[in-house]
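Presented below is the structure to which this report refers.
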Amino acid sequence: MIRLEKRPQPSKVWGTLTPVLAVIATMIAGGILFWMLGKDPLEAIRTIFWDPLFHETFGPYSRPQLLVKAGPLILIAIGLSLGFRAGIWNIGAEGQYIMGAICGAAVGLAFYPSESILIFPAMVLAGAIGGWAWAMIPGVLKVKFGTNEILVSLMLVYVAENILASVSQGLLKNPDGMGFPGSRNFRDFPAAYNTDLIEGTGMHWGVAAAFIAVILAYILLTRHMLGFQVRLTGEAPRAAKFAGVNPTRLILFCLGTSGALAGLAGLFEVSGPSGQVSIDFNAGYGFTAIIVAFLGRLHPIGILLAGLLMALTYIGGELAQLMLGLPGAAIQMFQGMLMFFLLAMDMLSHYRVRWKTPVAAKEGAK
Amino acid sequence: MDLGQINPLLLLASLMVAATPILLAAIGEAVVEKSGVLNLGVEGMMITGAVVGFAFGVNTGAPSIGFVAAAVAGAALSMLFGVLVLYLKSNQVATGLGLTLFGLGLSALIGKPYEGIKAPTMAKWEIPLLSDIPVLGPIMFRHDPMVYVSLIIVALTWYVLTRTRAGLILRGVGENHNAAHALGYKVIRVRLMAIAFGGACAGMGGAYISLVRVPQWVEGMTAGAGWIALAIVVFASWRPWRVLLGAYLFGGISVLQLNLQAAGVPIPVEILAMSPYLITILVLVVISLRGNHGAPGSLGREFHATH
């Protein structure tokens, strides 16, 4: 008979091992899925995980894309992980991402065609504020009225999507765009364009910001009082209460930070890789970042690695679509599966699995 | 703008149609939460139900088979959640989110070949005598069978939860799982059954969108209906009849919003389109002002039996 025994403390070894095991299990289950879709499973897995980096023809094109895709995922996931650790569930990062992009882009476009070097910093600031403000709505409502932040933050995603549709056809529409929806392209607006810092690497300001966020989050969680409170609230809520952790401050801090980071991710995306505000500008990074945060075990370094891996599945998925005719949705499902395997295996780090004969049977044998 | 073209009778009749998917999903989730489990995967189960129901409906030509298939698919998906949460003790919030993300991907994958196809029409039931009542007849008694099925489910849920022993056990498990366990009730089994019921209801709710309301398959077509269903459960204080009230109020808002769009009211389309979500937020705030009365005591808490 199998029995679960709760560990006094989560196992560190299993904590590190489970994400790796989950990835392997997902590859196997994904292989079966691709086989069911009539594709060669080994070839599909290789196309997704190996070819984007090492293929002779595609590699040079795909490698920069890795950072372009990983940047926003890491940036958003770092913010989300703070809240998730403390049991504050911001799942509306997609909306904060959109609002950050709109606010930042609006500031830039307002000054078109100025060449001042202050424009880009102003856009970055506006992007962060836009995302922050959008996340403060569920934050303030939770603090003031105790409203459920999960539902409010999610509802605001749909509101943000409608605002995006509205501004890309109205307020921010390109006046020289011959009536097509969508804003001016930032590629034609050098002072506001988020260009590659090192030519041809995909390393733009957003990626740099993601790396900085990883480092700052690491310092916050290991060296700073606020980070300690975040961890304490998640791991021992009662102890946190006795230690005098101020829940209001913590809720506003976690939601605000995750919103600001998601807003930044949106701004860097809209002013760089995407290039313009358009109706379908958002690509679901805000939701995928939830998986990234969990896959990275809510730890900054883990999130960095998880973000890169998840970016790889995006690029590999596109490649597999092109080369093998694999449906794009298969990758989305693949990512969902990864989350499931991860949660399932998480048990190993919290519980000890014991094979045990029932006590009565043992006594009887004596 | 021509508000005169909005027919109040038609409006009220389509309110019931618009509310049915959310009603089904919300009543299922209410039972799940009553048993002490928070399943945030409603959206994922709904969209999977939508695509599976549509596929079966189109292939067999019978929407009723589509609904059965959708219920089975929703329940199957919910079992994945159930096993993870109840046996592998995973975090309920995270697992529910995972279920939603998984369901969105799965449905997009299954649905690809079905894009742009029209669903087989579901015959309306004109209930004899009742449908001839002036005013009330066209509003309430000339709908497709699923509208009535959803109302019957609400009534049965109310009856079972409040008037039967099984309902008492389910509520007991949700209020205090340790006490229920000590009394010898099978906490895990009760919860697993509740989760399956919730999944089946969500699946049918999704299928109602793709088979009746739209009726077509479009990727991501549930557009947050599952999340709104979750909000309605909170609004209803976990009571079946209030779930009905909440779903119909919400259905009314979304229908009115669509009618105003069609009538060309000088309000931007986007503002009308976002109004259901804004109103949901508003309602959540009002409800939370009143305090969380009626939330099951063990809601969302992990159950680990040591003996």
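Since we're looking at a predicted model, the values are computed, not measured. All chains are named by letter (A, B, ...) in the order of the sequence lines, taking the proteins before the strands, and each is independently numbered beginning at 1.
Relative ring orientation between A:Y158 and B:Y277 is described as parallel, the plane-to-plane angle staying below 30° on a 0-90° scale split at 30° and 60°.
Separating the CD atom in A:Q332 from the OG atom in B:S107 is a distance of 7.5 Å, to the nearest 0.5 Å. In this structure, CG on B:L109 lies 8.0 Å from CG on A:L326, to the nearest 0.5 angstrom. Annotation: the span from A:L154 atom CG to B:L97 atom CG amounts to 8.5 Å, rounded to 0.5 Å. From B:L101, atom CG reaches atom OG1 of A:T288 across 7.5 Å, with rounding to the nearest 0.5 Å. Between atom CD1 of residue A:I150 and atom CG of residue B:L38 there is a gap of 6.5 Å, rounded to the nearest 0.5 Å.
Between chain A and the residues B:A231, B:S90, B:A223, B:P268, the largest count of heavy-atom pairs under 4.5 Å involves B:A223. Among A:Q335, A:M345, A:M333, A:K144, the residue with the largest count of heavy-atom pairs under 4.5 Å with chain B is A:M333. Contacts with chain B were tallied for A:A165, A:G284, A:G170, A:P138; A:A165 has the most, counting heavy-atom pairs under 4.5 Å. In terms of heavy-atom pairs under 4.5 angstrom with chain B, the leader among A:N162, A:L33, A:I91 is A:N162.
B:L230 is listed as a side-chain neighbour of A:L151, based on a closest heavy-atom distance under 4.5 Å. When side chains are defined from C-beta on, B:E270 does not count as touching A:L164, because their heavy atoms never get closer than 4.5 Å. Looking at heavy atoms from C-beta onward, A:L156 lies in side-chain contact with B:I281 at the 4.5 angstrom threshold.
When the shell of 6.0 Å around CZ of A:R7 is examined, it contains more than 12 heavy atoms from other residues, nucleotides or ligands. Around the CZ atom of B:F56, the shell of radius 6.0 Å holds no more than 12 heavy atoms that belong to other residues, nucleotides or ligands.
With a 4.5 Å cut-off on non-hydrogen atoms, A:Q169 touches chain B through its side chain but not through its backbone. Only the side chain of B:L84 comes within less than 4.5 Å of a heavy atom in chain A; its backbone stays farther off. Contacts of A:F334 with chain B are absent, with no heavy-atom separation under 4.5 Å from either backbone or side chain. Neither the backbone nor the side chain of B:F81 has a heavy atom closer than 4.5 Å to any heavy atom of chain A. With a 4.5 Å cut-off on non-hydrogen atoms, A:F294 touches chain B through its side chain but not through its backbone. Proximity to chain A (any heavy atom under 4.5 Å) is restricted, for B:L80, to the side chain, taken from C-beta onward.
Closest approach of B:G98 and A:M339 over heavy atoms only: CA-CG, 3.8 Å.
Checked options B:L88, B:V85, B:T95, B:L99; the residue passing with A:L343 is B:T95 (criterion: side chain to side chain contact (heavy atoms under 4.5 Å, CB included)).
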